[in-house]
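Read the numbers this way: they start at 1 and go in the same order the structure lists the ligands and their atoms. Just so you know, these numbers use all the heavy atoms, side chains as well, and skip hydrogens, waters and symmetry mates.
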Amino acid sequence: MPLTLATTAPGKPEIFASVQGEGPSAGTPCTFIRLSRCNLACVWCDTAYTWHFTGDERLHRGAATYDRRANQVTLSAAEAAQQIIALGQKRLVITGGEPLLQAGALAELLELLPDLSVEVETNGTTAAPARLDIRIDQYNVSPKLAHSGNPAELALLPRMLGHYSADERAFFKFVIANPGDIGEVLALVRAHAINPKRVFLMPEGIDSASLREREQWLVPLCLQHGFRMSDRLHIHLFGDTRGT
Ligand code: SF4
């Protein structure tokens with residue numbers, strides 16, 4: 001079953017080595033594979049080229065839509081594994097888009113990469129089937145709050161939030177745009193008994209200045225509620241660019 005990947009340029013799959021920029025593994029050297037397609041449509045999504053294709057009229061603040069042929073490429077599991085192995089890292093980050101939409105193909109891929117530790121970045125609306133789940137060392141779950149523009153009935157599924165809350169491998173990374181967003185986070189943490197030690201608050205933003213400004217008021221919120229703060233290292237290091 002082929003994988004549908006995002007591209008860094010037409011025909012070039014977005015598979016690259018870098019340090020993880022967000023969440024509990026920030027700073028860790030990893031290989032990244034970015035899958036195309038998403039089941040949500042966040043207005044501030046910084047990877048809209050994975051889903052906001054020509055003809056898609058859902059709102060995105062960038063207004064741009066992307067040509068599907070230039071922004072998607074298919075690879076077999078064997079081809080993707082070969083490119084991942086060639087980058088020589090011990091840890092793989094599977095990101096998107098929403099990568100779990102391609103769970104079957106991912107399971108095939110990971111069966112070819114038995115020596116790698118694996119983390120998956122997901123919006124938390126779906127769970128990995130057993131064949132894939134058994135290979136995952138860490139889930140970075142990023143439930144989307146109201147400011148994402150997604151209806152709660154699509155983005156915040158109680159059964160899925162409970163599923164990840166009960167899984168010690170799962171960390172929750174909430175994207176925060178305004179101090180008032182904390183109310184929604186607290187309600188979700190309470191409703192789904194999420195361990196605060198596994199909760200990260202991360203500023204929304206695609207430039208260093210916005211991230212730094214928001215971190216000023218995120219730190220006191222973390223202190224008050226016992227949450228952790230995540231920066232977005234890749235933005236500071238490389239800007240908002242593909243393949244980083
Ligand atoms: S869930 Fe992630 S990939 Fe999908 S639209 Fe939102 S931010 Fe973008």
What do the steps show when you test D133 against Y139 for side-chain contact (heavy atoms from CB on, under 4.5 Å), and what is the final call? CA-CA 10 Å; D133 180 68; Y139 287 100; 2.5 Å; yes
Mark up the atoms of ligand 1 that fall under 4.0 Å of a heavy atom belonging to G97, in ascending order. 3 (S)
Run the numbers for me: atoms of ligand 1, each under 4.0 Å from some heavy atom of N123, listed by number. 1 (S)
State whether a side-chain donor-acceptor pair under 3.5 Å links T125 with N39. yes
Select the closest option to atom 7 (S) of ligand 1 among S148, A6, C42, A48, judged by heavy-atom distance. C42
With the threshold set at 4.0 Å, does a side-chain nitrogen-carboxylate oxygen contact exist between R169 and D167? yes
Have a look at ligand 1 and work out which part of K144, if any, has a heavy atom under 4.0 Å from it: side chain, backbone, both or neither. side chain
For W44 together with H60, are the ring centres under 6.0 Å from each other? no
Could you tell me if H236 and D231 have a donor-acceptor pair between their side chains, going purely by distance under 3.5 Å? yes
Is the distance between atom 4 (Fe) of ligand 1 and the nearest N/O/S atom of C38 smaller than 2.8 Å? yes
Could you list which atoms of ligand 1 come closer than 4.0 Å to a heavy atom of C45? 3 (S), 5 (S), 7 (S), 8 (Fe)
